Engineer: 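Handing you this structure, nothing more for now.
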4 protein chains.
Amino acid sequence: MPFLYIFSQAFAQLKNASYHNMKGGIHMSNDKKITIGIIGMGRIGNVHFKNLKQIDNVKIESICDILAKDDWVEKYSVKKIVKDYHEVLDDSDIQAVLICTPTDLHPQMTIDAAKAGKDIFCEKPVGFDNAEILKALDAVKKAGVKFEVGFNRRFDKNFDRIVDYRKNGSLGNEQILKITSRDPEPPSMDYVRHSGGIFMDMTIHDFDMARFITGEEVDRVFVTGNVMINDEIGKAGDIDTAIITLMFKNGMMGVIDNSRQAVYGYDQRIELFGSKGMAHADNVTDSTTTYSSKDNVAGDKPMFFFLQRYMDAYKRELESFFGAVRGEHEVQCTFEDGIRAIRLAQAAKKSLDTGAVVSVQDI
Amino acid sequence: MPFLYIFSQAFAQLKNASYHNMKGGIHMSNDKKITIGIIGMGRIGNVHFKNLKQIDNVKIESICDILAKDDWVEKYSVKKIVKDYHEVLDDSDIQAVLICTPTDLHPQMTIDAAKAGKDIFCEKPVGFDNAEILKALDAVKKAGVKFEVGFNRRFDKNFDRIVDYRKNGSLGNEQILKITSRDPEPPSMDYVRHSGGIFMDMTIHDFDMARFITGEEVDRVFVTGNVMINDEIGKAGDIDTAIITLMFKNGMMGVIDNSRQAVYGYDQRIELFGSKGMAHADNVTDSTTTYSSKDNVAGDKPMFFFLQRYMDAYKRELESFFGAVRGEHEVQCTFEDGIRAIRLAQAAKKSLDTGAVVSVQDI
Amino acid sequence: MPFLYIFSQAFAQLKNASYHNMKGGIHMSNDKKITIGIIGMGRIGNVHFKNLKQIDNVKIESICDILAKDDWVEKYSVKKIVKDYHEVLDDSDIQAVLICTPTDLHPQMTIDAAKAGKDIFCEKPVGFDNAEILKALDAVKKAGVKFEVGFNRRFDKNFDRIVDYRKNGSLGNEQILKITSRDPEPPSMDYVRHSGGIFMDMTIHDFDMARFITGEEVDRVFVTGNVMINDEIGKAGDIDTAIITLMFKNGMMGVIDNSRQAVYGYDQRIELFGSKGMAHADNVTDSTTTYSSKDNVAGDKPMFFFLQRYMDAYKRELESFFGAVRGEHEVQCTFEDGIRAIRLAQAAKKSLDTGAVVSVQDI
Amino acid sequence: MPFLYIFSQAFAQLKNASYHNMKGGIHMSNDKKITIGIIGMGRIGNVHFKNLKQIDNVKIESICDILAKDDWVEKYSVKKIVKDYHEVLDDSDIQAVLICTPTDLHPQMTIDAAKAGKDIFCEKPVGFDNAEILKALDAVKKAGVKFEVGFNRRFDKNFDRIVDYRKNGSLGNEQILKITSRDPEPPSMDYVRHSGGIFMDMTIHDFDMARFITGEEVDRVFVTGNVMINDEIGKAGDIDTAIITLMFKNGMMGVIDNSRQAVYGYDQRIELFGSKGMAHADNVTDSTTTYSSKDNVAGDKPMFFFLQRYMDAYKRELESFFGAVRGEHEVQCTFEDGIRAIRLAQAAKKSLDTGAVVSVQDI
């Protein structure tokens, strides 16, 4: 059939074109399928669910949520919808679980999942209570399961580039780290009251970044903070604006500035300065389009909040977790990383309360 | 059970937090499911396949490709894999088709799909031969099916912003349009020989952009072009570098510059200048991270090529097509749009050949 | 005296500090003094006067202007103020003159100054009438005096950097040149009527830039232009908006876009694209300060007009002229350069009038 | 004479052109002449001398320097060159003096100049010793002369824009100030030993900026610092890298980071964040030209050092001083400003030495 012959020929040519082997192209993964369960289907659970649909060779077997409804089977196109997470852990088909519940539930669920032999991806922070956390760490070690904490910013391409520059020697000896981290708007007062405080809820990401970006450990912290946005936050015993100075064990120093409200959007910048140069990750915007008028040259604000800015990072952290589950590489954000960030948050709180420099307690 | 009570309470609080209603957040679509078939599973077919997995309420019923293999059922997790596209058209479950085959096949497949009552998404250009194209247009009109041409750049957020500025009056009367469009590397010579020439293969996107960005029609074109990158391209009767001047019916003017090889990556910038201001869409980079060294301050190159730069646009064009199929809005890029871009490419070729200004023939 | 001892010591230390030998530091010139006269004290004459005060070893002996007033001796702190330029030329103390009068006076004044043996800095264009211009060129050659045309943009640091990149091989083979040149507001209708038309008055700078940036000669031009800003300009036989395509002798191509009114300020950008890379000079702003608000991230507009943007270039062109007068280097912008820019303006006018491609006549 | 008639007419037209009244244009000042003397002709004295030549209606009567030479009369084209500054003060023609000597000489010279009734522009810092400084302040007050401290950064256009945004309410309530201030290379060890330490020599500018940018007073400081660049600096009892946290009286907070060596140039950025927005002044570069290659998109480094970055500010500070001398406006940087910056430097040193938060002592 002449028609099909032409079709075939033209198509083959296209397939052989140099375009076909382009960098960053499309490929279908041949990885072994991983069957998972999601525990907790609130905001972050839904974020992960959305991203999982774009990841090859991962099958969501069941979803657990205390508020689960019958129509979720259809809504999420998942076989099992349960309300008790033990049902997920008892399912021998499930190899790994994502724990996306409120923080105070993390340690017990981690312990139960580890005992059930599941690999675990757990949202940050790993817990509030030091004793519970250490028990969970112990359970994970004994069970020998993989455990990754969901510090999504480690998977942001912009921050990743800073680490690349550090690792390839472009920055020389590290000297100064600067992290700007400001939310676009404060959470509800209900949220604030159960958040564990600004350091445990918000700065904890920055503490993890401080360790991730530099590859170094913080020795001491000094904090100054205040209530500058909403008096209610102060009445709840929290603050909304802070500057945190970090003194690292290797002598370098760093500073984090936090605000619960930057009216221009989610301000997330990091800068690492060393003897050979500086790497600086700027904010990300929706578009590169500027408008020049008689008034000024105006560009887009930073992306609104973490769901926009870090959507790609959320996907990459899951891909990384599944890579670790498959044994392709080490876990990129360990339980110890989760604990060290908490220790920094606790030291920061103590510095704020005492007005003095505070040593960071080791694990 | 106290444990579950706490769980439920904390969870409910989280759900009620103001964070929950954030802009740009995650939602599950309630749209009616559309069942589709993909005809042609080369490079661009795979791009669309990948994006379809992220779009809710669309089911890929079958994939057709002259080179299809048995294991594609598993590879793509699709029910039917066929080699003859008529099998797709004969399937009454299928509401819409994506035509992703080589250009010379577009008109006949469009005619057949229209006769079968399928809504059609067809890759650009809609064809090479004027007579065939008009026959296909006729068939689509008679059948009353939806037809969208795949000019993906219409769905790029950066270019879209320029149109926003134009439509909301920020630019005043349009005066000058500038389009920079340079590929990172030339295609293979095999590809060049079957491409229909630079204007039909590459500039056709820019011609569509010229119409989309301005909302105006081009009256005449003048082209100067040359072979500056690869003599083989010249031997094949084509050029690799060109500047195209556009004279619009409303008196405004524009210019496109094309190169088949920008060593720094895919250079895709557009600027619209008017009596009240200018909107300028710059290139998109992988990261916002810069490196300051003793030599300079260096940032990322533009994203490598169209799969990187326009990946999101490819997804958005399909979402838009499905919106049109559902009747939520008009088709965003019509058959007429497809023909007008071809007319511009033909006029450009004639201007290059004659060295003179050429009028653009209307449909 | 102990006090003075300490003073002396501390001072000596300061002088020996490494800071003292810093790059770009302050130095006092030891160059031989050049005595000059300024002919024409309108806007541009005053610009040069202001800059001359910052240049070492140049003495302004006399100022000539048809509208000169008695109090100018005090106003400008200059010895002689005259109304007839022959008095300047007859002054044997004067080595060089700056001709800053209206264009139609340039050729005769050049001839007279050359005959008087003065080195000449003449504002652009060198004249309107071809025959007069050639006579002036002849007189300059016969007299053997230095002659520099005032194409100030050749001395802009940003554009200079593009030439650096070209000369050091960073750009490879030149392929595409793009010049954006838009004024912030149209001149008065009086000015328009005596300007010689947009190409001779405004684009002439861009034509010179096209030659300066590329180091290549233009073979043919094609122009499309229109009246889009002010109908009065059309009634005066001129246009206010244009796109000029340049076809160079070496096969490369270029495009200039002009507007008499960019509401956001003086838009002066140049881009040179070659086989190894691209150099792009962006606009210059008053400050680097941005303001991020709930609306956008806004930066400064480009500097208002040529007096702001090119003030430093005006100074550097005079320094360069005096360097040539002293024999330190060749004249950086010759009489021939002045004529070639005029030839391009004349070809552009002819292309606009005929709607066809026009060859550029050689000298 | 027809020729002159045409000349006159054309010229008149030019003069009447709208161009003539352009913003930011050239004008000759009609201000009353101020006669001055310069005391100390080291590096900074020469900087001021160079700038004075561009300022209208200021006459340099004499220059004093302990190392002055006879040929300076010709070199600087100044009437009197003296070695003893009392000769300057005794000259009744001199209205104002610039004190550009080493810091330890500032108080006594200030006292003597004030007693002689001269208006005083004094380089920063106003002195090292608190008692001497207060005596000098007292002398200035008693004499009723104008006194301005040379904190040149107050006259930088970029930083000035931040203050504009603050004053016009664009920033709302101030919350966070960030100052990045890094030198391109450390001074000689001789310089370091006589510098008064990093806080008094380098950070003192940043302390003044902290007050100038915010319009607020600092209550307490906390410093962490280290020797990270050159061990010799440590042996001399100084540090080369520091992070200084500022706690303001109004509750807002700030941070300064300092380094004696940024290999990419003089890094001078300031950011003021408030309830309604953020103003951010970025570094200044020599050109806006970027080079896009297969490696990256590279732009200029920040200008090398203060003579490049702040050259315009040095000129503007003198213009401002002369404006104050003429009574046109208040002194923009007072003796009190000079003392407050010193108090901050002293508090910073104490915080570094004690590792604790230190209150800033008021004047």
Side-chain angles (χ1 to χ4, degrees), chain A residues 170-180 182 219-230 239-248 250-265 267 269 271 273-280 282-283 301-302 351 354-357, chain D residues 170-178 180 182 219-230 234 239-248 250-265 267 269 271 273-280 282-283 301-302 351 354-357:
Chain A
S170 298
L171 303 178
N173 298 321
E174 300 176 74
Q175 295 170 348
I176 297 173
L177 168 76
K178 293 179 77 174
I179 297 178
T180 299
R182 301 169 189 157
D219 185 43
R220 287 160 299 138
V221 300
F222 171 76
V223 173
T224 181
N226 227 328
V227 179
M228 305 198 79
I229 297 160
N230 185 348
I239 59 170
D240 52 32
T241 309
I243 288 181
I244 300 116
T245 305
L246 308 173
M247 290 151 271
F248 288 80
N250 69 343
M252 70 174 292
M253 52 204 84
V255 64
I256 298 165
D257 72 277
N258 283 150
S259 168
R260 281 289 197 185
Q261 183 174 291
V263 294
Y264 52 85
D267 194 346
R269 290 170 283 158
E271 172 178 321
F273 171 82
S275 60
K276 288 190 181 167
M278 170 180 73
H280 177 95
D282 211 336
N283 282 313
K301 296 184 292 181
S351 176
T354 61
V357 174
Chain D
S170 299
L171 302 179
N173 298 323
E174 300 176 75
Q175 295 170 347
I176 297 173
L177 168 75
K178 293 178 77 174
T180 299
R182 301 168 190 158
D219 185 43
R220 289 160 297 138
V221 300
F222 171 77
V223 173
T224 181
N226 227 327
V227 179
M228 307 200 78
I229 296 160
N230 184 349
I239 58 170
D240 53 32
T241 310
I243 289 182
I244 300 117
T245 304
L246 308 172
M247 289 152 272
F248 288 80
N250 69 344
M252 68 173 293
M253 53 205 84
V255 63
I256 298 166
D257 72 277
N258 283 152
S259 168
R260 281 287 196 185
Q261 183 173 289
V263 295
Y264 52 86
D267 194 346
R269 290 170 284 159
E271 172 178 321
F273 171 83
S275 60
K276 288 190 182 169
M278 170 180 73
H280 178 95
D282 211 337
N283 283 312
K301 296 183 293 181
S351 177
T354 61
V357 174

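Treat the numbers as computed from the prediction; the structure is a model and nothing was measured. In what follows, every chain begins at residue 1, and chains take the letters A, B, ... in the order their sequences are listed.
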Engineer: Nearest 0.5 Å, please: how far is OG1 in A:Thr245 from CZ in D:Phe222?
Structural biologist: 6.0 Å
Engineer: Between atom CG of A:Asp267 and atom CZ of D:Phe273, what is the distance when rounded to the nearest 0.5 Å?
Structural biologist: 7.5 Å
Engineer: Taking C-beta and beyond as the side chain, do D:Arg182 and A:Met278 meet within less than 4.5 Å on heavy atoms?
Structural biologist: yes
Engineer: Nearest heavy-atom pair of A:Val357 and D:Gly355: which atoms, and what distance?
Structural biologist: CG2-O, 3.6 Å
Engineer: Could you have a look at D:Arg220, D:Met247, D:Lys276 and say which one has the most heavy-atom pairs with chain A under 4.5 angstrom?
Structural biologist: D:Met247
Engineer: Measure the OG1-CG distance between D:Thr224 and A:Leu246 for me, rounded to the nearest 0.5 Å.
Structural biologist: 10.0 Å
Engineer: Between CG of D:Asp240 and CD of A:Gln175, what distance do you get to the nearest 0.5 Å?
Structural biologist: 7.5 Å
Engineer: Inspect the contact between A:Lys178 and D:Glu271 and indicate whether a charged nitrogen and a carboxylate oxygen are less than 4.0 angstrom apart.
Structural biologist: no
Engineer: Heavy-atom pairs under 4.5 Å with chain A are the metric here; pick the option from D:Val263, D:Ile243, D:Asn226 that has the most.
Structural biologist: D:Ile243
Engineer: How long is the gap from CD1 on D:Ile229 to CG on A:Asn173, to the nearest 0.5 Å?
Structural biologist: 10.5 Å
Engineer: Please flag which part of A:Ala356 lies under 4.5 Å from any non-hydrogen atom of chain D: side chain, backbone, both or neither.
Structural biologist: neither
Engineer: Which atoms form the tightest heavy-atom contact between D:Met253 and A:Met228, and what is the distance?
Structural biologist: CE-SD, 4.3 Å
